[in-house]
Every structure is written in structure tokens, then in C-alpha cells.
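Here is the structure we will look at.
In this chain, numbering begins with 1 at the start of the sequence shown. Quick caveat: nothing in here was measured; it's all calculated off a predicted structure.
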Amino acid sequence: MAFAQNQQIHFSHIGSRNGLSERNVNFIYQGKKGFMWIATRDGLNRYDGYRIRIFRNNPDDSSSIGGNYISHIAEDKQGNIWVATLGGGLNKFDRKTNRFSHYYHEDGNARSIASNFINRIVFDDQGKIWVATQNDGLDLFNPVLNQAIHYRNNILDEKSISGNNILAVYKDSRNNIWAGDQQKGLNLFDRKTRTFKRFIHLHTV
């Protein structure tokens with residue numbers, strides 16, 4: 001038997017008047033230290049329950065975040081915050097120094113990440129980062145070696161990833177990696193064969 005709750009739920013509103021850098025919020029993450037990390041279209045925000053600190057790109061400061069359009073946030077086992085941006089590559093925030101390290105696409109360097117336009121990131125059990133890019137496929141990035149392996153769609157290979165605009169990437173409880181393309185369905189990565197199994201919507205008449 002279900003009982004209605006009489007207790008009222010109250011919400012506090014935190015917007016630009018309260019110090020938030022921008023009102024369009026793309027993602028929210030609570031780190032191991034308790035901070036709320038908020039991804040906006042104009043900067044990374046860190047909220048401690050009382051105040052907001054904003055991290056924006058400063059062209060004159062090489063240790064500032066690489067871009068201001070923040071798409072996603074993740075945390076590694078050492079407590080470092082990793083930030084995906086649209087246009088500013090992949091960024092690692094060192095909480096001890098409050099400085100950012102950058103991982104960009106470099107023309108001519110096949111080991112660099114495929115794109116600076118990143119939709120989502122996720123860590124696997126080995127500490128490597130799966131990077132979902134806009135129009136450049138899925139990357140497996142090794143932050144220790146600073147090297148990436150690229151997975152792109154090949155129209156001649158049905159075991160390649162189904163598309164290149166990867167909007168979502170997820171690690172399940174068995175360390176399986178799932179990737180969702182904007183238009184061409186869901187993909188499951190097979191670690192043994194390093195290929196993908198596709199789950200595509202079939203149109204019915």
C-alpha cells in the first residue's frame with residue numbers, strides 16, 4: 001500500500017545572480033571531495049555549498065582551462081577532475097595546484113585525440129579514458145602515455161563503430177564500453193576482437 005508524502009520538497013535556485021557563470025547547464029558532477037562541478041556553456045563552475053568559483057579560459061595563462069563550453073566532467077582514481085569541452089579539447093584539473101593540463105588534437109600526430117570537440121568521457125577499470133567526439137568517432141586515450149587509439153566508422157566494415165558523432169559513452173558493471181551515435185544506434189565494444197556489435201533501430205512498415 002502506497003502512502004502519499006506530506007513533506008514538502010523545497011528547491012534552491014542558483015543562477016547567474018548567485019555567481020553561476022552561465023544559466024545553460026550541460027552536466028553536474030559531485031567529486032570525492034564534496035564539491036559540485038557544474039558544466040556550462042561559459043565556463044566550469046565549482047560550488048562548495050556557499051560560493052561558486054568559475055574557471056574560464058585565459059589566453060594569457062597556459063594553465064587555465066582550454067575552452068569555455070564545458071560538455072562533461074569525470075574524476076580519476078587520484079581525485080583529478082577531467083573536463084571535456086567543445087573546442088578546447090580534454091583538460092585535467094589538478095586540485096593541489098588549481099591548474100589545468102591540456103590534451104589537444106594535433107594535426108600530423110596520429111596519437112593525439114581525434115578532435116577538440118568532445119561530447120562525453122568515461123574512465124574504464126584500467127584508468128584509460130573513452131572519449132566521445134563530435135564527428136570524429138570514439139577514442140581510447142591513455143593519459144599516462146598521452147596516446148589515443150581511434151575508432152571510426154568504416155562503411156565497408158560492419159564491425160566498426162556505427163557512426164562518428166558519438167553523443168554518449170558508458171561503462172557498465174562488467175567494464176563493458178557502450179557508445180551511442182547521434183543517428184546510427186548503439187554500439188558495444190568487444191575487447192577481445194577490438195570490434196563493435198551494433199544495435200540499430202529497424203524501421204517497420
Specify the closest pair of heavy atoms between [X] and [Y], including all atoms of both residues, with the distance to one decimal.
| X | Y | answer |
| --- | --- | --- |
| S162 | K184 | OG-O, 2.7 Å |
| A179 | I166 | CB-CG2, 4.0 Å |
| H72 | N119 | CB-O, 3.7 Å |
| N116 | H105 | OD1-N, 2.7 Å |
| N91 | H102 | OD1-CD2, 2.9 Å |
| S21 | T40 | OG-OG1, 3.1 Å |

(message) Tell me which pairs pass salt bridge (charged side-chain N to carboxylate O under 4.0 Å, His left out) where either residue lies in residues 40-56, with sequence neighbours left out.
(response) D42-R56, D48-R51
Sidechain-backbone polar pair: [X] side chain, [Y] backbone, donor-acceptor under 3.5 Å:
| X | Y | result |
| --- | --- | --- |
| R198 | E158 | yes |
| K77 | D125 | yes |
| D139 | A114 | yes |

For the [atom1] atom of [X] and the [atom2] atom of [Y], what is their distance to the nearest 0.5 Å?
| X | Y | atom1 | atom2 | result |
| --- | --- | --- | --- | --- |
| S115 | H150 | OG | NE2 | 11.0 Å |
| E75 | K92 | CD | NZ | 12.5 Å |
| N98 | S63 | CG | OG | 9.5 Å |
| T133 | N164 | OG1 | CG | 7.0 Å |
| N80 | K96 | CG | NZ | 8.5 Å |
| N109 | I113 | CG | CD1 | 10.5 Å |

Close side-chain approach of [X] to [Y], heavy-atom, < 4.5 Å:
| X | Y | result |
| --- | --- | --- |
| D136 | F117 | no |
| D76 | I129 | no |
| Y151 | L140 | yes |
| N57 | T85 | no |
| R111 | L145 | no |
| R194 | F189 | yes |
| N187 | I177 | no |
| D181 | N165 | yes |

(request) Please find out if less than 6.0 Å separates the ring center of F199 from that of W178. (result) yes
(request) Check the angle between the aromatic planes of F93 and F100 and answer parallel, tilted or perpendicular using the 30° and 60° thresholds. (result) tilted
(message) Counting only heavy atoms not in K33 (residues, nucleotides, ligands), do more than 12 fall under 6.0 Å from its NZ?
(response) no
(message) Quick check on K159: does its NZ atom have over 12 non-hydrogen neighbours (other residues, nucleotides or ligands) under 6.0 Å away?
(response) no
Determine, using the 4.5 Å side-chain heavy-atom cutoff (strictly less than), whether [X] and [Y] are members of one ILVMFWY cluster.
| X | Y | result |
| --- | --- | --- |
| I65 | L90 | no |
| F35 | F27 | yes |
| Y103 | I149 | no |
| L44 | L20 | no |
| W82 | Y29 | no |

(request) Begin with the C-alpha distance, continue with both residues' side-chain angles, and end with the deciding distance and a verdict on side chain to side chain contact (heavy atoms under 4.5 Å, CB included) for D190 and K197. (result) CA-CA 7 Å; D190 187 322; K197 180 179 180 181; over 6 Å; no
(message) Is it the case that the side chains of N142 and Q147 hold a donor-acceptor pair, with the cut-off being a distance below 3.5 Å and no angle test?
(response) no
(request) Verify whether one side chain among N24 and E22 offers a donor that lies under 3.5 Å from an acceptor in the other. (result) yes
(message) Before you tell me yes or no, could you show the steps for I81 and R95 under side chain to side chain contact (heavy atoms under 4.5 Å, CB included), namely the whole-Å CA-CA distance, both residues' side-chain angles and the distance that decides it to 0.1 Å?
(response) CA-CA 8 Å; I81 297 295; R95 56 185 173 82; over 6 Å; no
(message) For I70 and W37: C-alpha separation, side-chain torsions, deciding distance, then whether side chain to side chain contact (heavy atoms under 4.5 Å, CB included) applies.
(response) CA-CA 11 Å; I70 313 301; W37 296 88; over 6 Å; no
(message) Apply side chain to side chain contact (heavy atoms under 4.5 Å, CB included) to residues F55 and N45 and explain how you reach the verdict.
(response) CA-CA 6 Å; F55 300 94; N45 294 249; over 6 Å; no
